[in-house]
Amino acid sequence: QQTGWAGRASARGPAAKAVRVAVAPDGMQIPFEAAMVEVDPLQLTLSSGGLIDEFCTALGVGSRSVREGKLRVRTSKTQIKLQMHPSKAVATNRMDMAIGSRSSGELVELSAWGTHDVPTGMLDFVVGLPGSTLSMLGVRHLPDGYLL
């Protein structure tokens, strides 16, 4: 079995924890044209600004956290997998995310997957909202696992 490079990245601060990242170049050759990258589940804090502020404001959640620049994001319990072609595109599998805090009653869940065209900077992503997030908008009685 071939294995790729695995590394650990860490942030600074009192709550910082290491994140495991594994890179497996196609053909196990370096330099490489393409590679599979796996990132273990992680938690991070987003600073305020841009799209995330607009998204949270539209759903009416995280307003205090957004203003204070302390909006917590947690990825799914499974690895994030990216197929990288550094000079062409980066494609990701489905990533489930939770934004905000369940204890504060301001938790938005969403899923996203898609590609980033590196040369043009264009993003082609699907963002799916599960029933728990849609219920915040008044949509009720959706089947388990439903994404809009």
Side-chain angles (χ1 to χ4, degrees), residues 1-59 61-63 65-102 104 106-134 136-137 139 142-148:
Q1 176 180 353
Q2 295 178 332
T3 59
W5 174 85
R8 292 176 73 82
S10 60
R12 297 176 191 209
K17 294 185 180 178
V19 175
R20 192 184 79 76
V21 178
V23 178
D26 285 0
M28 297 306 293
Q29 297 178 2
I30 298 176
F32 58 88
E33 291 295 318
M36 175 62 75
V37 178
E38 296 177 344
V39 181
D40 278 354
L42 55 98
Q43 292 186 30
L44 55 105
T45 303
L46 296 177
S47 58
S48 60
L51 185 61
I52 196 70
D53 289 6
E54 292 176 30
F55 179 73
C56 290
T57 300
L59 291 175
V61 300
S63 55
S65 298
V66 169
R67 280 194 313 272
E68 295 174 358
K70 298 177 181 176
L71 190 60
R72 298 229 181 262
V73 177
R74 169 184 48 82
T75 63
S76 57
K77 296 186 180 358
T78 58
Q79 288 181 324
I80 299 167
K81 295 183 180 179
L82 308 160
Q83 182 65 42
M84 292 181 55
H85 299 270
S87 63
K88 298 177 186 168
V90 177
T92 180
N93 67 328
R94 176 177 161 173
M95 299 178 290
D96 295 324
M97 294 172 266
I99 302 171
S101 159
R102 191 176 307 278
S104 70
E106 296 185 329
L107 182 70
V108 174
E109 295 177 300
L110 61 93
S111 298
W113 60 92
T115 59
H116 171 221
D117 185 276
V118 176
T120 65
M122 296 295 295
L123 296 174
D124 184 9
F125 269 75
V126 173
V127 176
L129 302 177
S132 59
T133 298
L134 293 170
M136 298 170 79
L137 300 170
V139 179
L142 297 171
D144 289 341
Y146 184 87
L147 283 177
L148 173 66

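Source: prediction; values computed, not measured.
Looking at T133 and E109, their side chains never bring a donor and an acceptor atom within 3.5 Å of each other. S111 and D96 are linked by a side-chain donor-acceptor pair at a separation below 3.5 angstrom, with hydrogens and angles left out of the test.
You'll find the side chain of V126 reaches within 4.5 Å of the side chain of W113, heavy atoms only.
The distance from atom CE of M97 to atom CG of L110, rounded to the nearest 0.5 Å, is 4.5 Å. Rounding to the nearest 0.5 Å places NZ of K88 at 11.0 Å from CG of D117. Taken from CG in D26 to CD in Q83, the straight-line distance is 5.5 Å, to the nearest 0.5 Å. Of the inter-residue distances, the one linking M36 atom CE with M84 atom CE reads 11.5 Å to the nearest 0.5 angstrom.
Summarising the geometry of A35 relative to P25, their closest heavy-atom pair is CB-CA, 3.7 Å, with the distance given to 0.1 Å. Closest approach of P130 and L147 over heavy atoms only: N-CD2, 3.6 Å. Nearest heavy-atom pair across N93 and I80 is OD1-C, 3.8 Å. Contact record, A91 with T115: CB-CG2, 3.6 Å, taken as the closest heavy-atom pair.
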**OP:** Just do the side chain to side chain contact (heavy atoms under 4.5 Å, CB included) check on L148 and Y146 with the steps written out, would you?
**Re:** CA-CA 7 Å; L148 173 66; Y146 184 87; 3.9 Å; yes
Original post:
Given M95 and L82, is the side chain to side chain contact (heavy atoms under 4.5 Å, CB included) satisfied, shown in steps?
Top reply: CA-CA 10 Å; M95 299 178 290; L82 308 160; 5.6 Å; no
